[in-house]
Structure formats: C-alpha cells, structure tokens
Amino acid sequence: LEPDHAATFYSRAFAYMSAGNYGSAIEDLDQALRLDPNFRDAWFQRANLHRAKGELHKAIEDHTQALRCEPTFRLSLRARAECLEIVGRP
C-alpha cells in the first residue's frame, strides 16, 4: 500500500465495499480525501456508502463536495436530489 497516494486508498475502499465492509471502506475514503480533497469519485463513493447506511445528511454533504469538484457531475446531481427529496428538502 502506498500511503501517500489517494488512488491506492480509493482502490482498497472499493474492495472493502464489494465485501460489504462499509466501515473500512469509509476509513479508506477518508484517507483518500485527506490526501486529495478534490478527488470527486472518492466524495461520490463515500456519499453512496453514507446513503446505504441511512446517513442521508452525510450523503448530501459528500455529494455537495463532489459537485464542488465538478459542478456538472450528473451522478452526484441526481443522487443528491434523491437524498434531499427523502429528507424532505427541495
């Protein structure tokens, strides 16, 4: 594991997600984002994990961060809107 490469933590997080180990996946995504705060896909995947855990406000925050990295990122635009609708915010 290369401790200074965000992509390394992102890749391992994906393996954890596939195994259903959301806690470890979130930890690795946290580390990836510490190393590269503009890592759009890491924000997006962490948002998806938060949503899967029922943590919709955290999911909204992470989708918002992904959109700060790329304002036209359709996957986060759609997913953020869905989360906002579920929590009752337009």
Side-chain angles (χ1 to χ4, degrees):
L1 189 66
E2 296 181 48
D4 59 344
H5 288 89
T8 300
F9 286 96
Y10 178 79
S11 295
R12 189 170 71 174
F14 235 86
Y16 283 136
M17 284 186 275
S18 297
N21 188 344
Y22 293 173
S24 293
I26 288 174
E27 288 176 14
D28 273 3
L29 291 170
D30 290 346
Q31 183 61 27
L33 291 166
R34 277 191 286 281
L35 293 167
D36 181 1
N38 295 313
F39 197 161
R40 180 204 72 187
D41 291 344
W43 287 113
F44 176 72
Q45 291 304 334
R46 196 173 77 169
N48 290 337
L49 288 170
H50 284 309
R51 182 174 178 173
K53 292 175 64 179
E55 300 170 341
L56 295 175
H57 292 287
K58 288 182 180 181
I60 292 165
E61 290 172 17
D62 283 357
H63 282 305
T64 300
Q65 289 296 330
L67 291 166
R68 285 192 177 113
C69 297
E70 185 180 327
T72 60
F73 184 44
R74 291 179 191 258
L75 294 174
S76 273
L77 283 168
R78 184 178 318 121
R80 184 177 179 272
E82 290 170 358
C83 289
L84 287 167
E85 185 175 325
I86 292 167
V87 299
R89 291 174 31 199

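Numbers for residues simply follow the sequence, beginning at 1. Keep in mind that the numbers below use all heavy atoms, side chains included, and drop hydrogens, waters and symmetry copies.
Considering CG of Asp28 and CD of Gln45, their distance stands at 13.0 Å, rounded to 0.5 Å. Taking CG from Leu49 and NZ from Lys58, the interatomic distance works out to 11.5 Å, rounded to the nearest 0.5 Å. Note that the CZ atom of Phe39 and the CG atom of Leu33 stand 8.0 Å from one another [nearest 0.5 Å]. In this structure, the separation between CZ on Arg40 and CG on Asp62 is 14.0 Å, given to the nearest 0.5 Å. Rounded to the nearest 0.5 angstrom, Leu35 CG and Tyr10 OH are separated by 15.0 Å. Summarising the geometry, atom CD belonging to Gln31 is positioned 11.5 Å from atom CG belonging to Asp36; distances are rounded to the nearest 0.5 Å.
Under the rule for a side chain to side chain contact (heavy atoms under 4.5 Å, CB included), Glu61 has no partner lying at least two apart in sequence or in another chain.
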Apply the test side-chain contact (heavy atoms from CB on, under 4.5 Å) to residues Ile26 and His50: give CA-CA distance (whole Å), side-chain angles for both, the deciding distance (0.1 Å), then the verdict. CA-CA 8 Å; Ile26 288 174; His50 284 309; 4.0 Å; yes
The test is side-chain contact (heavy atoms from CB on, under 4.5 Å); show your working for Arg34 and Asp30 and say whether it passes. CA-CA 6 Å; Arg34 277 191 286 281; Asp30 290 346; 3.7 Å; yes
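When every heavy atom of Pro37 is checked against every heavy atom of Trp43, the shortest pair comes out as O-NE1, 2.8 Å.
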Residues 71-83, side-chain donor-acceptor partners within the protein, below 3.5 Å, at least two apart:
from	atom 1	to	atom 2	distance (Å)
Ser76	OG	His63	ND1	2.9
Arg80	NE	Thr64	OG1	2.8
Glu82	OE1	Arg51	NH1	2.9

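Other residues, nucleotides and ligands place no more than 12 heavy atoms under 6.0 Å from the OH atom of Tyr22.
Under the 4.5 Å side-chain contact rule for hydrophobic residues, Phe14 and Leu29 share a cluster.
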